[in-house]
Amino acid sequence: MDIKAVILAAGKGTRMKSETTPKVLHEIMGKTLLGYVMDNVKNFVSEQFVIVGHHAEAVEKFVQNNYENSKTVLQSPQLGTGHAVSMVCPSLENFDGLVLILCGDTPLVREETLKAFVEYHKSSNSDLTVMSTIFDNPTNYGRIIREDDNSLKCIVEEKDATTEQKAVKEVNAGIYCLNWAKFKSSFGQLQSNNAQGEYYLTDIISWGKAQGLSVNAYILDNSDEIYGINSRLNLAEATKMMNRRNLERYMVEGVTIVDPDSTWISEDTEIGQDTIIYPATYIEGKNKIGKNCKIGPCAHLRGGVEVCDNVKVGNFVEVKKAKISSNTNVGHLSYIGDAELGENVNIGAGTITANYNPLTKTKSKTVIGDNVKIGSNSVLVAPVELQEGANVGAGGVITKTVPAWALAITRSPLKVLENWVKRQTSEK
Ligand code: UD1
Ligand code: CA
């Protein structure tokens, strides 16, 4: 059965207290909250609709630049989660499959979880399935209210809940799967007579029950996955949860993480066996690291980095959009950006690929062949190429191609003035 996703991303995110960035474009280790949600569904839905409103242009641009088979739909003004979903009704008028509804502020839910959820929906012959979980501290989430026979009754928001309802620990994850044709007319019939004066998506449950449709809740065991981000505190907490999960995965796969408490590695990084990640290393965005590498301590990989096998990226080394081929060392205090490094290269301490021209605001590439050796404290002014086997003397400032097996040296000749210091002191 065809599945389409609707992702709610129009809300202001008031509690984030941000003037410049809509909530769903805040980042966890180099990837936006919305990016996590869209990546998790892109492999099993035919189309994604992202509801945009607050800072719509920025969110539209993000979706258009990064995702195929996706459309943005404007919700203005933003009158609640139910109103948000109603915005896709014209686009889905004749659709007769499943719609998976998700919130753009819940980045920890995993693809496997969503697939299992959809499978449950299908196998239980449900018309609407809501994902729920149990939280020790359910504050701020909608509470799942059940009938005497334990079947789903309704969802009550924190602000509308009675004291008794507030004590309920089963909460709404904000993830729904529904048979679209049966529910599409519900969205025009929602009411806003609640504490927030909003059209709540959660009210489609009562609507469905009144129509005699089958409405169920799917309880997710791992409650961490539905942690929603409403504030900067939540963002920091979610980043920690995501990181811990990633590090556990790497360790299980045979990567040594010397100090999980000070190491940060993004979900979209692949790491080969027997690689060692030393403390205080921060790896964000999409990267691929080979086998038997040593990374850090205090290394920073900023995304778009490919590190082959047996590579050393040492202390205080920053790497961005670069390929480092096997058996190459970038040992200390270097910046490697927009660069391609061959095999068996040695980059001396303090080497910089000067990739950015602040006058033209353009970036250029540095290409380094196999077996190149760069002396310490060198600046490679891009665009520039160092061909196979070339050497650069320490302190080199390289502005044009260095041919294969040549030595480039740019320092002024060393002068040694014998007894100069003694002469200075004896004259006084
Ligand atoms: C919502 C649910 C709550 C659930 C929680 C899970 C409702 C009424 N409440 O509450 O039951 O426990 O999520 O995290 O659905 N949005 C729009 N347009 C709007 C309003 C919101 O697109 O007009 C988007 C937001 O950008 C956000 C999502 O919908 O991505 C959820 O909105 P939010 O205000 O965060 O809802 P919660 O109060 O967290
Ligand atoms: Ca929320």
Side-chain angles (χ1 to χ4, degrees), residues 29-31 66 246 250 253 255 264-278 281-357 362-376 378-392 396 398-405 408:
M29 287 183 277
K31 179 161 153 181
N66 295 286
N246 298 344
Y250 297 124
E253 289 169 353
V255 175
W264 300 85
I265 308 180
S266 63
E267 187 179 71
D268 296 334
T269 295
E270 275 175 51
I271 309 182
Q273 262 181 351
D274 292 310
T275 282
I276 305 178
I277 310 287
Y278 291 92
T281 291
Y282 190 72
I283 301 178
E284 54 187 329
K286 248 188 195 155
N287 311 280
K288 197 172 169 193
I289 298 172
K291 296 180 181 171
N292 291 307
C293 294
K294 291 183 157 71
I295 311 288
C298 301
H300 183 189
L301 272 55
R302 288 173 43 205
V305 174
E306 184 184 349
V307 173
C308 302
D309 298 343
N310 305 309
V311 165
K312 187 168 185 238
V313 174
N315 358 223
F316 304 103
V317 172
E318 176 180 337
V319 189
K320 186 215 80 173
K321 259 198 196 161
K323 177 175 177 181
I324 303 181
S325 306
S326 50
N327 302 305
T328 283
N329 286 338
V330 188
H332 338 259
L333 303 156
S334 289
Y335 172 64
I336 304 294
D338 299 300
E340 235 172 74
L341 277 60
E343 296 180 7
N344 280 309
V345 168
N346 191 69
I347 303 284
T351 296
I352 304 294
T353 54
N355 60 332
Y356 183 59
N357 181 337
T362 50
K363 286 180 184 155
S364 305
K365 209 169 162 183
T366 300
V367 178
I368 299 179
D370 294 343
N371 299 303
V372 165
K373 314 290 173 205
I374 311 276
S376 295
S378 293
V379 182
L380 313 176
V381 183
V384 69
E385 184 183 355
L386 293 103
Q387 293 175 347
E388 185 185 353
N391 279 23
V392 171
I398 307 303
T399 52
K400 61 180 189 197
T401 305
V402 181
W405 308 107

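None of the values given here were measured: they were computed from a predicted structure.
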Item to complete: Please answer whether the main-chain N or O of K363 pairs with a side-chain N or O of N355 as donor and acceptor at a distance below 3.5 Å.
Response: no
Discussion item. Using a 3.5 Å distance criterion without hydrogens, assess whether the side chain of N287 forms a donor-acceptor pair with backbone atoms of V305.
Written reply: yes
Practice prompt. Would you give the length of the straight line joining atom SG of C308 to atom CG of N292, rounded to the nearest 0.5 angstrom?
Written response: 13.0 Å
Discussion item. I'd like to know whether Y278 forms a side chain to side chain contact (heavy atoms under 4.5 Å, CB included) with K294, so could you lay out the CA-CA distance, the side-chain angles of the two residues, the decisive distance to 0.1 Å, and finally the verdict.
Written reply: CA-CA 7 Å; Y278 291 92; K294 291 183 157 71; 3.7 Å; yes
Discussion item. I'd like to know if the side chain of S376 and the backbone of G350 have a donor-acceptor N/O pair within less than 3.5 Å.
Written reply: no
Worksheet entry | Stepwise side chain to side chain contact (heavy atoms under 4.5 Å, CB included) test for I277 and I265 | CA-CA 10 Å; I277 310 287; I265 308 180; 4.2 Å; yes
Worksheet item: Nearest heavy-atom pair of Q387 and P403: which atoms, and what distance?
Response: OE1-CA, 3.3 Å
Item to complete: Would you give the length of the straight line joining atom CD1 of I374 to atom CG of N329, rounded to the nearest 0.5 angstrom?
Response: 13.0 Å
Practice prompt. State the CE-CH2 distance between M29 and W264, to the nearest 0.5 angstrom.
Written response: 6.5 Å
Item to complete: Kindly say whether G290 contributes a backbone atom to a donor-acceptor pair with the side chain of T275 at under 3.5 angstrom?
Response: yes
Worksheet item: Is there a donor-acceptor pair under 3.5 Å between the side chain of T269 and the backbone N or O of K286?
Response: no
Worksheet item: Judged by atom type as modelled, is there a donor-acceptor pair below 3.5 Å linking the side chain of T366 to the main-chain atoms of A339?
Response: no
Worksheet entry | Pairs where residues 299-340 contributes a residue and the test ring pair (Phe, Tyr, Trp, His ring centres under 6.0 Å) is met, not counting sequence neighbours | Y282-H300
Per-pair distances, 0.1 Å, donor-acceptor, side chain in residues 317-328, under 3.5 Å, sequence neighbours excluded:
| from | atom 1 | to | atom 2 | distance (Å) |
| --- | --- | --- | --- | --- |
| E318 | OE2 | R302 | NH1 | 2.6 |
| K320 | NZ | D338 | OD2 | 3.1 |
| S325 | OG | L341 | O | 2.7 |
| T328 | OG1 | S325 | O | 3.4 |
| T328 | OG1 | G342 | O | 2.7 |
| T328 | OG1 | N344 | N | 3.2 |
| T328 | OG1 | V345 | N | 2.9 |

Item to complete: Give the intermediate values and the outcome of side chain to side chain contact (heavy atoms under 4.5 Å, CB included) for residues V392 and T351.
Response: CA-CA 11 Å; V392 171; T351 296; over 6 Å; no
Discussion item. Please check: side-chain N/O of D309 versus main-chain N/O of K291, any donor-acceptor pairing under 3.5 Å?
Written reply: yes
